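Working notes, beginning with the structure itself.
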There are 2 protein chains.
Amino acid sequence: MNSKIKIALADDHTLFRKGVEELIADWDNMEVVLSECNGAELLKKLTAGNVMPDICILDINMPEMNGFETARAIKATWPHMHILAVSVYDTEFNVISMLRAGAGGYVLKDARPDALKAAIEGLYKNGFHHSELVTGRILHQLLSQTQEANTASLNAKEVEFLKLCCTEMTYREIADIMGVSHRTIDNYRDQLFEKLAIKSRTGLVLYAIRTGIAAI
Amino acid sequence: MNSKIKIALADDHTLFRKGVEELIADWDNMEVVLSECNGAELLKKLTAGNVMPDICILDINMPEMNGFETARAIKATWPHMHILAVSVYDTEFNVISMLRAGAGGYVLKDARPDALKAAIEGLYKNGFHHSELVTGRILHQLLSQTQEANTASLNAKEVEFLKLCCTEMTYREIADIMGVSHRTIDNYRDQLFEKLAIKSRTGLVLYAIRTGIAAI
DNA sequence: TCTGCAAAGGGTGTTTTCACCTTTGTATTT
DNA sequence: AAATACAAAGGTGAAAACACCCTTTGCAGA
């Protein structure tokens, strides 16, 4: 064996992160060289350049800088860095967005440890690793949708609106907070309905929470 | 040292659970004797009676049987069992409900490992363990509220209804699924509004997700 | 047996949400 | 200068959500 696979972790759930560190410590072909609580911290450490990991394991839902943003930022500077996404949710949207952002693999937090190990090894060796589950989901999604639509890049207004939707305020009250007419709020809502294939405020709330846009 | 503190885990996030197992394995005064993916499984194992842990660490958000239900069920049969609640969320409601359900301590998933260790040891020794954060929150909540209201013991119908609220179905559609009149659904909703001090469907959705009633 | 309570369901009216389509102002392109 | 594009905002009507108050039914306890 030449040398160990160097791994960086970013996850705001410290207990989870420490747990993963312990798991990896038990595997003799890899080691954790960086362990940060969010993407911004990890980027700082990477930029400092003291250690350069082979693989970054990123939680999708992080404060400050979430998994999507972090992945894009890392890929922008280090295009060959391998990224493994970790999340509690396995929605098609999450998986696809993370892969689009440059991740080479996707592991759920309720995966078994050997699945994590396999993902890390596969990612290191081949540059990607996908479980059958994820492959199946992605194929289904990519095939079943009529293209576009789900790119779902939301602008700042839409994100702010979505967050406010996750409260008991009516749209009129949200309009007041955002300083626009309630008609404009109607437009925001209708655009999001269209863009995200949603039909109700409840749908917006669920979407915002699942994607981590709303903190809950 | 006499013998190790025997710990049972119940958490549907396998990776997290395995991580905690590893952490505990590093501490020489305790050991994991049971590790299950939900409350129902844990109860089965406890009932089988082959091993009896000193402490049960329960995730609040589990499918099948969540932390609240599991804690109550365990306390009903083994009133002296110590229960440590673990959750991603630190809402007052979660903390208080869990303590009411019989938990002697509450740890967040983003806690540091030594906080977990301290909680386990404190719980074993004193029967309870509360961080200053949790103590402060509870005091605030208990003092600031005008009593009652938040007992919030929901019956099976209400729980089913809340879960269905976390979809894009209208109340009429929910009524069809539940096999009751949409008038009855109005009653369920109005009762929950009253009971939980909520004013809108969005509020119900947020409540259901925060408490783990809805899986999301 | 009577009483009272709780669950299921109904009536009615207001507010909010949703759908769809139009107008206005402003900035950018050609 | 004209054409284009887009965000903001208005109009209108239908559906859904919310509020409040009422009746029936069944069942448990005095």
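Residue numbering restarts at 1 for every chain, and letters A, B, ... go by the order of the sequence lines. Note that the structure is predicted; figures quoted are calculated from it, not measured. Heavy-atom basis, side chains included; hydrogens, waters and symmetry copies ignored.
- The aromatic rings of B/F16 and A/F16 lie parallel to each other, with less than 30° between the two planes, well short of the 60° mark.
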For this session: Dump the intermediate steps for side chain to side chain contact (heavy atoms under 4.5 Å, CB included) on B/I60 and B/Y106, then the final yes or no.
Result: CA-CA 10 Å; B/I60 289 187; B/Y106 192 97; 3.6 Å; yes
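- When the side-chain nitrogen and oxygen atoms of A/Y188 are compared with OP1 and OP2 of D/dA7, none of them lie within a distance under 4.0 Å.
- Note: OH (A/Y171) to C1' (C/dT17) measures 7 Å, nearest angstrom.
- As rounded to whole Å, 19 Å separates atom C1' of D/dA16 from atom NZ of B/K199.
- With distances taken from any side-chain atom of A/S200 to the nucleotides C/dT17, D/dA17, C/dC18, the minimum falls on C/dC18.
- In this model, the phosphate group of C/dT17 is approached by a side-chain N or O of A/R201 to a distance below 4.0 Å at OP1 or OP2.
- In this structure, the side chains of A/R17 and A/C37 come closer than 4.5 Å at one or more pairs of heavy atoms.
- Distance CD1/A/I198 to OH/A/Y207: 7.0 Å, rounded to 0.5 Å.
- Residue B/N155 places its side chain closer to C/dA7 than to any other of D/dG11, C/dA7, C/dC21.
- Contact of B/D186 with D/dA17 (side chain to base): no donor-acceptor pair of N or O atoms is detected under 3.5 Å.
- Taking only distance into account, the side chain of A/R189 never meets the base of C/dT16 through a donor-acceptor pair shorter than 3.5 Å.
- Mapped onto DNA chain D by nearest heavy atom, A/Q191 and A/R183 fall at different nucleotides, with A/Q191 at the one closer to the 5' end.
- Under the 4.0 Å criterion applied to side-chain N and carboxylate O atoms, B/K157 and B/E160 are not assigned as salt-bridge partners.
- Note: CG (B/D190) to C1' (D/dA17) measures 10 Å, nearest angstrom.
- Of the candidate nucleotides D/dA19, C/dC18, C/dG10, D/dA19 has the atom lying nearest to any side-chain atom of B/F193.
- Closest approach to the A/N187 side chain among C/dT16, C/dG10, C/dC21 is made by C/dC21 (side chain taken as heavy atoms from C-beta onward).
- Atom P of nucleotide C/dG10 and atom NE2 of B/H182 are separated by 7 Å, given to the nearest angstrom.
- The interatomic distance linking B/F161 (CZ) with D/dA17 (P) rounds to 9 Å, in whole Å.
- For the OP1/OP2 pair of D/dA9 and a distance below 4.0 Å, the side-chain nitrogens and oxygens of A/T184 include at least one atom meeting the criterion.
- With rounding to whole Å, B/I185 atom CD1 is found 18 Å from C/dG11 atom C1'.
- Computed from coordinates, the B/L164 CG to D/dA17 P distance equals 13 Å when rounded to whole Å.
- Look at CD on A/E194: it is 14 Å from C1' on C/dC21, rounded to the nearest Å.
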